[in-house]
Amino acid sequence: MTLSMALTKGRLEKNTVEMLDQCGYGTEALKNKGRALVFADTKKDLEYFLVKANDCITYVEHGVADVGVVGKDTLLEGGSDYYELLDLDIGKCKFIVASLPENDLFNKVGHVKIGTKYPKVAQNYFLGRGMDVEIIKIDGSVELSPLLGLCDGIVDIMETGTTLRENGLIVLDTVCPISARLIVNKASFRLKRKEILDLIADLESVVKNNAQSTQ
Ligand code: PRP
């Protein structure tokens, strides 16, 4: 039975395709994709499609994709009607709390405002610290919001740290590490169990090899 696989386009895409290559799969079409969005594997009974991170969860939850590759950041913020079965150990970064050096938001008396693309993650983090903050949803370039005085600090993703550094922001705390995960539709896991377990075994061996070669 053909397995359909939703891949997150953008930052994660290159690393994901590399991993599928390492599995020995036929990803030529994914690498020469033009404007196409659906791609057949040339060696395995697999069909890929490229979607935005949030949509990856939606397609998997609805069973249109049997499996998906998506960042833990999106999973923490999005739905939960799927199985998360493998940490692919790619797309590694972390959620951080950052601010201008002069904005000591953890010791601020009074109203604290936090800008973020991830309101749920931010809310949970501050609730965990016993702080009742106002969350302001920002859709991109979150680092701009404390610079312009919209908020006291941000909860955002840090990969290299360049964006924070170039905008004079400092890390106040780490919320949690992030990496790409393999998620699986619940019904597909019953109906296509063998195919999914084979895929997981292939990916798992690549994860292990990659971990060994970076030691
Ligand atoms: C992400 C994130 C930071 C930046 C961090 O934004 O929100 O802004 O990357 O990366 P760095 O630590 O390597 O500098 P993205 O590039 O996805 O764009 P956006 O700000 O428009 O969401």
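None of these values were measured; they are calculated from a predicted model. Index from 1, following the sequence. Both counts, for ligands and for their atoms, begin at 1 and track the order of listing.
Closest to atom 16 (O) of ligand 1 among all protein heavy atoms lies R11 NH2, 2.8 Å. The single protein non-hydrogen atom nearest to atom 2 (C) of ligand 1 is D156 OD2, 3.4 Å, given as residue, atom name and distance. The protein heavy atom nearest to atom 11 (P) of ligand 1 is T160 OG1, 3.3 Å. Shortest contact from atom 3 (C) of ligand 1 to any protein heavy atom: E143 OE2, 3.1 Å. Atom 5 (C) of ligand 1 has I157 O, 3.4 Å as its closest protein atom, hydrogens excluded (heavy atom only).
Side-chain polar atoms of R165 and T163 form no donor-acceptor pair below 3.5 angstrom.
Ion pairing of E84 with K72 is present here, as a side-chain N (NZ or NE/NH1/NH2) and a carboxylate O approach within less than 4.0 Å.
Side-chain rings of Y125 and F95 stay apart, their centers remaining 6.0 Å or farther from each other.
Under a 4.0 Å heavy-atom criterion, K117 is in contact with ligand 1. Note on ligand 1: E166 sits outside its first shell, no heavy atom being nearer than 4.0 Å.
Using a 4.5 Å cut-off on side-chain heavy atoms (C-beta onward), M5 and D41 make no contact.
Contact record, V184 with V67: CG2-CG1, 3.9 Å, taken as the closest heavy-atom pair.
Both the backbone and the side chain of T163 come within contact range of ligand 1, each with a heavy atom under 4.0 Å.
Only one option out of D198, D66, D45 pairs with K192 in a salt bridge (charged side-chain N to carboxylate O under 4.0 Å, His left out); it is D66.
With sequence neighbours left out, L147 forms a side chain to side chain contact (heavy atoms under 4.5 Å, CB included) with L100, N167, L169.
Between S141 and ligand 1, at least one pair of N/O atoms sits closer than 3.5 Å.
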